[in-house]
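Step one of this worksheet: look at the structure below.
Labels below follow one simple rule: chain letters A, B, ... track the order of the sequence lines, proteins then strands, and each chain is numbered from 1. Please read these numbers as outputs of a predicted model, since none were measured by experiment.
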Protein chains: 2
Amino acid sequence: MGRWEPNARGRLAEAALKLYAEQGFERTTVTEIAEAAGLTERTFFRHFADKREVLFYGTEMTLDLLTRTIAEAPASASPMDAVGAALESFGAFFQEDPERVRRRDAVVSASTELRERELVKLDAFTSAMAGALRERGTPEPAAGLAAEAGMAAFKVAYAHWVAAEPGTAGRAGEQELPRLVRKALTELQELLADRASV
Amino acid sequence: MGRWEPNARGRLAEAALKLYAEQGFERTTVTEIAEAAGLTERTFFRHFADKREVLFYGTEMTLDLLTRTIAEAPASASPMDAVGAALESFGAFFQEDPERVRRRDAVVSASTELRERELVKLDAFTSAMAGALRERGTPEPAAGLAAEAGMAAFKVAYAHWVAAEPGTAGRAGEQELPRLVRKALTELQELLADRASV
DNA sequence: CCGATGATGACAGCCACTGACATCACATGT
DNA sequence: ACATGTGATGTCAGTGGCTGTCATCATCGG
């Protein structure tokens, strides 16, 4: 297949993450990344749509995970339950390699441009979840609301997890992301229950 | 002050919106916008940080509105009530000129790059609301959750409003955005109450 | 051993964006 | 009226992201 070493895409992604972490996203040129991977700038753009996308490699898989989890939820599950299950799976996926997730998060958080891209990805996930809910019969205002609110809870849980994880990395029973997601949803439920205006 | 006609910034923003609407964001060059406003490309970049920012002129005012509304909410109001009040004000702001909002929304929705920027702005609003809640004593998981969930409801209400507004534009008692925001929050409350998993 | 296929390299070019410097309109003080 | 300062604008050169085009090379099937 390839010309030289295999897995050009992976090498590019690896080199990009490393360089972005070392010297920042803006101060890194695509040419640098390509050379670090033993390739040329042109080849970089054949594998990734732009300079940011290289950090969002494998997004489609995640999107599949979310929609499948919702589709496979028991018919008795409420919309929020289905969304909750999907987002807990999402959290478990992150939990698999906390080290890398945190490295990547530091890079993304440091750059406005990268945060933009991340938000668009999360928005795509939200839309996909809403679509999956509609397919199992949830009517329209509810589907969108459940997906958006679920993602809102996930964002809070994720932020907490990323900020607190450093020392207590990995051991069970402590503060795994799926558990935090579930907790966030419950707290959100209570917050809304305390709402006075009807 | 200025050299020629006054309000260079406003002219640039107007020309940009028009050109983006007519021929699309990507097929419009900054030089075109500047010439349409009787200025040069360099001057455009003195007024706006980049090609997208020209559509997000006046964002700081909105941010102020949100934080002030939360700060001025009665001490008895729950976090979700304060957020709800802020987002209803936000909706009322949009309602002032529905025509322009819809024009702008069509342009933004048509471009991924512009949607990216919009999501970042909304995220900044969310963070600001969370900060305002913290300042009035709401502890941390709750502040972030209330802000994120409120914005989630707003997004759904806004999407509905933008999609449905065309015919029934402007008359009272029909489907104003603030009312839709309140409705969305109530529906979200019910959705979460239906959650089975505790 | 050869031709097809797909990935890569090599150029040329557009456009977003920036730094540096010159220039012009306007306000102010004398 | 005139000089002068201030801020906005114009001009120019340059970097870097990104794309189209074509040549080239590695590998696979025959």
Between B:Lys183 and B:Glu190, does at least one N-O distance fall below 4.0 Å, as a salt bridge requires?
no

In whole angstroms, the gap separating P of C:dC17 from NZ of A:Lys51 amounts to 13 Å

Between CZ of B:Phe48 and C1' of C:dT18 the distance, given in whole Å, is 18 Å

Quick note, side chain to side chain donor-acceptor pair (under 3.5 Å) partners involving residues 71-88 of chain B, not counting sequence neighbours, are A:Ser197-B:Asp81, B:Ser78-B:Asp81, B:Glu88-B:Arg182

| request: Would you tell me if any nitrogen or oxygen in the side chain of B:His47 comes within less than 4.0 Å of OP1 or OP2 on D:dA8? | output: no

Discussion item. Using only atom types and a distance under 3.5 Å, with no angle test, would you say the side chain of A:Arg136 pairs donor to acceptor with the backbone of A:Pro74?
Written reply: yes

Distance-only side-chain donor-acceptor flag, A:Thr126 / A:Glu148, under 3.5 Å | no

- Inspect the contact between B:Lys155 and B:Glu118 and indicate whether a charged nitrogen and a carboxylate oxygen are less than 4.0 angstrom apart. no

Is it the case that C:dG19 (base atoms only) and B:Arg42 (side chain only) share a donor and an acceptor within less than 3.5 Å, ignoring hydrogens and angles?
yes

Heavy-atom nearest nucleotide on DNA chain D taken for A:Ala49 and for B:Arg46; more 5' hit belongs to B:Arg46

To the nearest angstrom, the CD-P distance between B:Glu32 and C:dC15 comes to 9 Å

Bend of the helix from C:dC1-D:dG30 to C:dT30-D:dA1 from end-axis comparison, five pairs per end, nearest 10°, comes to 10°

